[in-house]
There are 2 protein chains.
Amino acid sequence: MSSDPDKPNKNNKISLAEVAKAAGVSKMTASRVLRDGGGFSEKTRAKVMAEVDRLGYLPNRLATVFAGDKKSTFVGVSIPELGNEIFAQVLEGIDRKLGAFGHQTVLGLTEHEIDHEEKWIETVLSWQPAGLIVTGRSHSPKAIQMLRSAGIPLVEIWDFNSSPLDMCVGLNHFDSGYSMGRYLAGMEYRKFGYVGTSHDVANAATARLNGFSKAIEDANGRLEKQLLLRDTPGFYTGFYGTEQLLAAHRDIETIFYQNDNMAIGGLQYAQKIGLRVPEDIGIAGWGDLPISAIQPYRLTSIAVPHLKIGQIAAEMVLAQINGEPVKSAKDVGFRLIPGSTVKKPRTNA
Amino acid sequence: MSSDPDKPNKNNKISLAEVAKAAGVSKMTASRVLRDGGGFSEKTRAKVMAEVDRLGYLPNRLATVFAGDKKSTFVGVSIPELGNEIFAQVLEGIDRKLGAFGHQTVLGLTEHEIDHEEKWIETVLSWQPAGLIVTGRSHSPKAIQMLRSAGIPLVEIWDFNSSPLDMCVGLNHFDSGYSMGRYLAGMEYRKFGYVGTSHDVANAATARLNGFSKAIEDANGRLEKQLLLRDTPGFYTGFYGTEQLLAAHRDIETIFYQNDNMAIGGLQYAQKIGLRVPEDIGIAGWGDLPISAIQPYRLTSIAVPHLKIGQIAAEMVLAQINGEPVKSAKDVGFRLIPGSTVKKPRTNA
DNA sequence: TTGAAAGCGTTACCAG
DNA sequence: CTGGTAACGCTTTCAA
């Protein structure tokens, strides 16, 4: 017999059977009361709920999912890192939305490593999640195969992709880099530098750099140096990256950074060594992070609706779980912020 | 009969029984091979693994946990918010450590609301987690009761507490605020201000303010105004909070902020309106965040080992899961960074 | 080294 | 409105 109400289980947890027995009803009746689907008298309900409270019964959702051969309420969410505040905010957007609809985030930090991601996907799928949200569009072949056959809603975020595995929300990073390159080239800068960080896999930042590089090429400018540091993209990396870059290439006229925090670091370095911004050196960031708003200079940057990305990703998963029709790929776009840390266009007399 | 190998389940997932049948062995043998616990021949192993690969079998861990009446490999982690980068980093520290030992983080953002936390605790416990890490020491009565009877390792982080529900790692926020207050009072400042954000529950920032306030009182100074904004503690909040504060209290000589980001915002505001720092106004932050390192001024602040808190919390949970003895309360302390945004002590002639 | 049967806590299904 | 029985996919236990 299963769930013998007289034999406490190994965890000393109260089971439905025990509640039912104490209330003098069957397991099924107790189950119905707890799920509140109707089909029981008020008197029965009261009896059962009284015992639930008295015994401190907590349902075992493992058993629930298992018995119903359903999905759990988990949604797996993989993010490269949280040291980068933009990803932290994407995650916050996702979890809030999921939480509001009774779902839980199972977190996976991939550290930009495709192998980590693969391993995490395998693990999280074994918990029968209701959906998956992963950052980026490059996955290992095995990961792709697992994602394909999982049969659950999947959203690839960050990097917009017109033919995603399932769904996708993000922006075209190449284009955003190209925009910035074209904008800077239009300000009559000729000698460019780039400071960012490097990872094993092709990632969104690399796409931005590629776009930037292409724009410069198209404008007959010269990308003197692209400095890729093996570090986290933050203030300090921007600061010392700029120091390194300028030490080797004093003639660089403007620098594009992987993100705003690095750009702010670069700005501080430029000021420290007495360079005037934007006269002596142009500084451009990416992301339009909060820090930009309070600087004495408005940082030239690319604004990205990152909160929206997380929110939309969660909505896509939820909609598909509920069987609603979903647009499968959403480009949230970006916006160039002219700012005041690069030169202005010449006014036409 | 259970797990009939011929009847595909509703999710179209491959079951152990199907793998076993394809390999021409029993479920038990296949199970043994997969858990690699010995008790099978090499030939059998090869047959089973071949079918696992061919069919793309992924185990259903729900069933595993359930059958063994075990705990899952989940660890529930509740964090107030991720917009505050310090919490994002604590979470990152936790998840990395847990991940390295085969555990998964189930995230809960409480938004500083005790009711959210209670609801999340109830949900996450129903998934039979192996442990729990929660931020803060104030919980609802029902939450406390659930945590007590859960019978799993529990760590309360952030706010050090010598008598935790189970385990605890953090620092004494009151003391850190007191230290800063005493330090500033020692610099001959007399009129103080505080800028922070407010939440429904008594939280760590409130404890810091209380400590700060007490130190000022003990030094016969005057806390002119404590401004608590209903917003997220960030650069912009610090900027406009300072504007508000100074508009109403022009004679304030030094301001203590809830965190460094707010302090940087305040610093920018002070510079914008032409106040000299620290001559006209002293600025002190809390947390020693990365931004502080690259400012032209070294921000006066309190350094906190936040990465360490996450890491230790995860280690405590893991140790207790493995039945190792654990120190139940760890105070990681803090360190006052004198910086250059408040006046220096008078030199003794 | 292998396998058959029982059982984990819950819900689906059917009968009363 | 209520309850008995089978089933979910796996592991434990015991026997071969």
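For the numbers below, each heavy atom of this structure counts, side chains included, while hydrogens, waters and symmetry mates do not. Just so we're on the same page: letters track the sequence lines, and every chain starts at 1.
Across every non-hydrogen atom of A:H306 and A:V90, the tightest pair is O-CG2, 3.6 Å. The shortest non-hydrogen separation linking B:S78 to B:W120 is CB-CZ3, 3.4 Å. The minimum heavy-atom distance between A:L132 and A:V317, with the atom names listed, is O-CG2, 4.1 Å.
Between the CD atom of A:Q128 and the C1' atom of D:dG9 there is a distance of 9 Å, given to the nearest Å. As rounded to whole Å, 11 Å separates atom C1' of C:dG7 from atom NZ of B:K27. For the pair A:K70 NZ and D:dA7 P, the computed distance is 18 Å after rounding to whole Å. Here D:dG9 presents its P atom at 16 Å from CH2 of A:W127, a figure rounded to the nearest Å. B:F66 has its CZ atom 17 Å from the P atom of C:dA6, to the nearest Å. In this structure, A:K21 places its NZ atom 13 Å from P of D:dG4, rounding to the nearest Å. One atom, CZ of A:R35, and another, C1' of C:dT10, lie 8 Å apart when rounded to the nearest Å. Note: CG (B:L16) to P (D:dG9) measures 11 Å, nearest angstrom.
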Tabulate atom names and distances for all N/O pairs under 3.5 angstrom spanning the protein and nucleotides 1-3 of chain D.
unit_1, atom_1, unit_2, atom_2, d
D:dT2, OP1, A:S41, OG, 3.4
D:dT2, OP1, A:T44, OG1, 2.6
D:dT2, OP2, A:S41, N, 3.0
D:dT2, OP2, A:T44, OG1, 3.2
D:dG3, OP2, A:S26, N, 3.1
D:dG3, OP2, A:S26, OG, 3.4
D:dG3, OP2, A:T29, OG1, 2.6
D:dG3, N7, A:R32, NH2, 2.5
D:dG3, O6, A:R32, NH1, 3.2
D:dG3, O6, A:R32, NH2, 3.4

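A salt bridge does not link A:E51 to A:K21: none of the charged side-chain nitrogens sits closer than 4.0 Å to a carboxylate oxygen.
In summary, the side chains of B:S126 and B:T123 do not present any donor paired with an acceptor at a separation below 3.5 Å, with no hydrogens or angles considered. For the residue pair B:H112/B:E117, the side-chain donor-acceptor check at 3.5 Å is not satisfied. Between A:S31 and A:R35, the side chains place a donor N or O and an acceptor N or O closer than 3.5 Å (distance only, hydrogens not considered).
For the side-chain contact (heavy atoms from CB on, under 4.5 Å) criterion with A:H103, the lone passing option out of A:D95, A:V75, A:I94 is A:V75.
For the pair B:T64 and D:dC10, the criterion of a side-chain N or O lying under 4.0 Å from OP1 or OP2 is not met.
Near DNA chain D, meaning a heavy atom under 4.0 Å away, the residues from residues 48-62 of chain B are B:Y57, B:P59, B:N60.
In this structure, the side chain of B:E81 does not engage the main chain of B:T110 through any donor-acceptor pair within 3.5 Å.
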